[in-house]
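Order of listing sets the numbers, starting from 1, for every ligand and every atom in it. This chain uses plain numbering: 1 for the first residue, then up along the sequence.
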Amino acid sequence: MSKLTLSPAWQALTAQQLRIAHLSLRELFAADATRVQRCCLEFGEILLDYSKHRIDAETLRLLLALAEQAQVPAWIRRMFAGEPINNTEDRAVLHVALRSDRATFPEGRDVMPAVRAARERMRRFVDEAHRGALTGATGRRITDIVNIGIGGSDLGPRMLVRALRRFHQGGLRLRFVANVDPADLDATLAGLAPEATLFIVASKTFTTAETLDNATRARAWLEGALGRSADLSRHFAAATANEAGAAAMGIAPERMFPLWDWVGGRYSVWSPAGLALALAIGMDSFEELLEGARAMDAHFHTAPLERNLPAVLALIEVWYVNFFGAQSHAVLPYSEDLRDFPAYLQQLGMESNGKRVDRDGTEVDYATAPVIWGAAGTASQHSFHQLLHQGTPLVPVDFIVFKEAGGDPPAHAALVANALAQSAALAFGNPAPGAPHKALPGNRPSNLLLLKRLTPHALGQLIALYEHKVFVEGIVWNLNSFDQWGVEFGKQLARTVLPRLLEGGDAGDLDPSTQALLKRLRKRD
Ligand code: F6P
């Protein structure tokens, strides 16, 4: 057994789970008239109701003891101090600097001059575009922006451009291309005017095959329409930490926006990787997003663990994953604008903590990141809620609800009512005597995150909340949440399979199944 699972805090939680696992949520509520007050935390625009969880005061005390044992407060300070906590890449983790307004940060390794300079350059570029001064090779105004990027260089900006569609300004149309499947770029370019289209090539490394392939095809599309002699650099910008790579693709230096090695891709939407978002909503709204995240950073950095929203959310996740064997977590935004949020959280949570080796390189003997999935409510209710209510897997759920919506209040009220009803039905069930097929067992846990309105500021808080939740989980599981070595071998293998697929030749080094599939794929039909 590992140091963690042998540890006093872990052992105490194991015993505690045996003590309360039989207690239903109905019994936990009945036993404590102050439960709702005690199990609600509020910060900024977010109210977290965690009362519908299979925990009591003693469980939370023991979970907080586990966090203390894991030295969560010290690790938080280390991150904010810019220490190289990404130990396998020997890098600091400073996405919080991207939304900081401090003159210098962190002490002894000030990155703020670079951050401010980049933000200023983004503002000038966005203003130029919104004024109609951004023109292509023919002098025509740029009206369509296509972000070419994948993973962290796509999911964040794509999710937020949709989520903040009520805050769009400047009249630009935004599209996103990520997949190497040519259908993605082809469908995106269909109907676009090359003269009026600008591509943002977003890639921290500028080595990602899909992004480079799509950017090359986009260049060919422009060249085909505008001619080889046209100044195509007017149709490109890049967000990257690899200026040489961008230059090699013909990106003009004044159109290169920096990323840094101390920002992980999945934590980069606050940086120039969010340029497409800034073009959609304007720099003022982009900075409101940063402000919201900054507020959550201050809360996370200073609030005691028992009142710290990210820490409490993380510990509840550990409770179910490690002491109830939950293998997945559903995130259900009751907001069509926030439909892509679960996909964003998949990369954030699963690429950060989907690991089986701890910081010391030892294989873990405990579960780590659950599978994160979800969809927008109420559509989700007519899809997989059957399983949530009557299925066999234990799936903790996050409901994300906005008190006020941009649209029709009665319709919005119906949306909110459904979220409350679903959360209650999961928790308290419905006996249905004599009709077992109709009975809901209940006792199914959920958080409810209630926000006032969907605004850039509120979303900044919400996303930072989940970023820090993932960080605390990684600390408790003793993982480096900021690398992703597991994705490299598949890419490498694809690079060896591709030439065999295209040109044939010996594939003896590949497994028999792949060899046979290559043979079938190369066979003329
Ligand atoms: O393959 C995974 C990954 O490295 C992610 O971590 C990253 O967000 C994505 O690919 C894209 O990387 P880049 O921004 O360097 O193109």
Open item on the list: Within this structure, what is the CG-CG distance for the pair Asp213 and Asn179, rounded to the nearest 0.5 Å?
Closed with: 11.0 Å

Open item on the list: Could you work out, for atom 8 (O) of ligand 1, the closest of Gly264, Gly152, Gly245, Ser352 by heavy-atom distance?
Closed with: Gly152

- [ ] Would you mind finding which of Arg266, Lys204, Glu210, Glu351 brings a heavy atom closest to atom 5 (C) of ligand 1?
- [x] Glu351

Open item on the list: Please confirm whether Glu488 approaches ligand 1 to less than 4.0 Å, judged on its heavy atoms.
Closed with: no

Open item on the list: Need the ligand 1 atom indices (1-based, order shown) with element for anything under 4.0 Å from a heavy-atom of Lys491.
Closed with: 1 (O), 2 (C), 4 (O)

- [ ] Would you mind telling me which of Trp75, Phe105, Phe80 makes a ring-ring contact (aromatic ring centres under 6.0 Å, His included) with His301?
- [x] Phe80

Task: Shortest reach to atom 9 (C) of ligand 1 by a heavy atom, considering only Ile150, Leu155, Thr208 - done: Ile150

- [ ] Determine whether the side chain, the backbone, both or neither of Gln484 has a heavy atom under 4.0 Å from any heavy atom of ligand 1.
- [x] side chain

Open item on the list: Measuring from atom CD1 of Ile372 to atom CG of Leu345, what distance do you get when rounded to the nearest 0.5 angstrom?
Closed with: 6.5 Å

TODO: Specify side chain, backbone, both or neither for Thr205, according to which of its non-hydrogen atoms lie closer than 4.0 Å to ligand 1.
DONE: both

Open item on the list: Suppose we measure from atom 14 (O) of ligand 1 to each protein heavy atom; which comes out shortest, and what is that distance?
Closed with: Ser153 OG, 2.6 Å

- [ ] Could you check whether the rings of Phe471 and Phe300 sit parallel, tilted or perpendicular, using 30° and 60° as the cut-offs?
- [x] perpendicular

Open item on the list: Quick check on Glu128: does its CD atom have over 12 non-hydrogen neighbours (other residues, nucleotides or ligands) under 6.0 Å away?
Closed with: yes

- [ ] Enumerate the atoms of ligand 1 whose separation from the nearest heavy atom of Gln347 is less than 4.0 angstrom.
- [x] 5 (C), 6 (O), 7 (C), 8 (O)

Open item on the list: Taking CD in Glu243 as the centre, count heavy atoms belonging to other residues, nucleotides or ligands within less than 6.0 Å. Is the count above 12?
Closed with: no

Open item on the list: I'd like to know if Lys204 pairs up with Asp261 as an ion pair, taking the criterion as any Lys NZ or Arg NE/NH1/NH2 lying under 4.0 Å from an Asp or Glu carboxylate oxygen.
Closed with: no

TODO: For Val487, take its heavy atoms, then give the atoms of ligand 1 lying under 4.0 Å from any of them.
DONE: 1 (O), 2 (C)

